[in-house]
Amino acid sequence: MKIVVVGGGYVGLVSGICFSELGHDVTLVEIDPAKVRAIREGKPPIYEAGLAELLQKHANKNLHVSQGYESVSSSEIVFIAVGTPSQPDGSANLSYIEAASISVGKSLKNNPSYCVVVVKSTVPPGTTDKIVKPAVIIASGKTEKEIGFAMNPEFLREGRAVEDFLHPDRIVIGSSDSRSGNRIGQVYQGLTAPIIRTGITSAEMIKYASNAFLATKISFSNEIGNICKNLGIDVYEVMKGVGLDTRIGPLFLNAGAGFGGSCFPKDVSALISLAKENGENPILLRSVLEVNDQQPCRMIRILERKIGTVKGKRIAVLGLAFKDNTDDIRDSRAILVIRELLQKGARVVAYDPLAIPHMREIFPDIEYFGSVAGALRGANGCLVMTEWPEFSKIDKEFDLMAEEVIVEGRRVLSRKGVEGICW
Ligand code: UDX
């Protein structure tokens, strides 16, 4: 199928490359010339396991990239995968969605065949019908007989996005008619997963509710963890027992410093503002964020209980990325911890296998090391913020510390008896 994907960010790039892996003829539309150059040279502009290999396999064969929308005029499906960042009030900024819809509409004017416009970005329910559809119809001068509309959310996890795309738990297709929905179904032929056919607004809400529930599981585990810690109970033992209940499931019950990333905090905030706009008081969702915002700095309380004031002390932060296997620091819990340590006059040093360049943009004045040993040497305290598997191998490096005071924010160390944020 001739597919156009608008937006070469995380979702657009991974989806576009994986669509070409499924055998489709794909054109990525990306406005950033640097990204266009990188993609043309077969170099993914983001770090994502397995993506470079697929890009090299398909680039300039059945995967093309352009800054313009010309390819839309010969496309059968156009996926809109541009960003929906948060606005200061937490609601989703839909200006990129609207701009892309107008550009797609203008190019569809020259498309002689039936085409389906599909939203893949995470958007508040109602966005496709109220913003995308009118913008495309007006700009194209065409009718819904000639253009179909649908919503097809992604559930990709950073660091495992290619695997999640090619082995999804489910494929959700929200469409206003069967013709447009059927065409999207054809795109995913070759993938074995249950396909949910539903309405457009339901599909939009499935995405938000899924992320909000996963975030709720994490904040719930953290709250239970905080209670368990006071009772001297190991929350991981507890969650093992809880997670065996098939109604609950074992995943996303890992207590720790809280969730970060470009999705959970943003999507829960957007859902809260959506609820308020519709006269609902989202008590539970507010609490999910409240627990998450308070959680990381508990680690500093524990550290201060052990070493007193952190003022003038050398504190090592191990892990800067919001989770392992990515260089992404967006809403990383490490940011809150570093900020508070600096405010309290600590000398912060840090190590992360991938995320130092991004964190240096936020904290240019802290000391970054290329190894765990470098960061721990002479430290008066250590906070573990990211679940990097390599941290499970740390042992003799702790002997380099001036004071061997360690607080785990992620259950990753193999050293026994290390105190954790909620264990
Ligand atoms: C998430 C969703 O998983 C994905 O389906 C959606 O499409 C995008 O948002 P991502 O943000 O990449 O993916 O990260 P994820 O692996 O879900 O982790 C999110 C955060 O939760 C990380 O900070 C992680 O450390 C934390 N986490 C995860 C926990 O604290 N405990 C857990 O048990 C799992």
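Just so you know, ligand 1 is whichever comes first in the structure, and atom 1 is the first atom listed for that ligand.
For the side-chain hydrogen bond (donor to acceptor under 3.5 Å, both in side chains) test, residues two or more places apart in sequence or in another chain that qualify with N93 are S95. With sequence neighbours excluded, the residues that form a ring pair (Phe, Tyr, Trp, His ring centres under 6.0 Å) with Y236 are W423. Not a single side-chain hydrogen bond (donor to acceptor under 3.5 Å, both in side chains) links N230 to another residue, sequence neighbours left out.
Closest of all the heavy-atom pairs between S180 and S175 is OG-CB, 3.5 Å. Listed here is the closest heavy atom pair of F155 and S210: CE2-OG, 3.8 Å.
In this structure, the side chain of D32 engages the main chain of A34 through a donor-acceptor pair within 3.5 Å.
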Exercise answer, ligand 1 polar atom pairs (N/O) under 3.5 angstrom:
from, atom 1, to, atom 2, distance (Å)
ligand 1, 5 (O), F155, O, 2.9
ligand 1, 7 (O), E154, OE1, 3.4
ligand 1, 7 (O), L156, N, 3.2
ligand 1, 7 (O), L156, O, 2.8
ligand 1, 7 (O), K207, NZ, 2.8
ligand 1, 12 (O), E158, N, 2.6
ligand 1, 12 (O), K323, NZ, 3.1
ligand 1, 14 (O), K323, NZ, 3.1
ligand 1, 16 (O), K323, NZ, 2.8
ligand 1, 23 (O), G260, N, 3.0
ligand 1, 23 (O), F322, O, 2.8
ligand 1, 25 (O), E387, OE2, 2.8
ligand 1, 30 (O), R410, NH1, 3.1
ligand 1, 31 (N), N254, O, 2.9
ligand 1, 33 (O), L253, N, 3.4
ligand 1, 33 (O), N254, N, 2.9

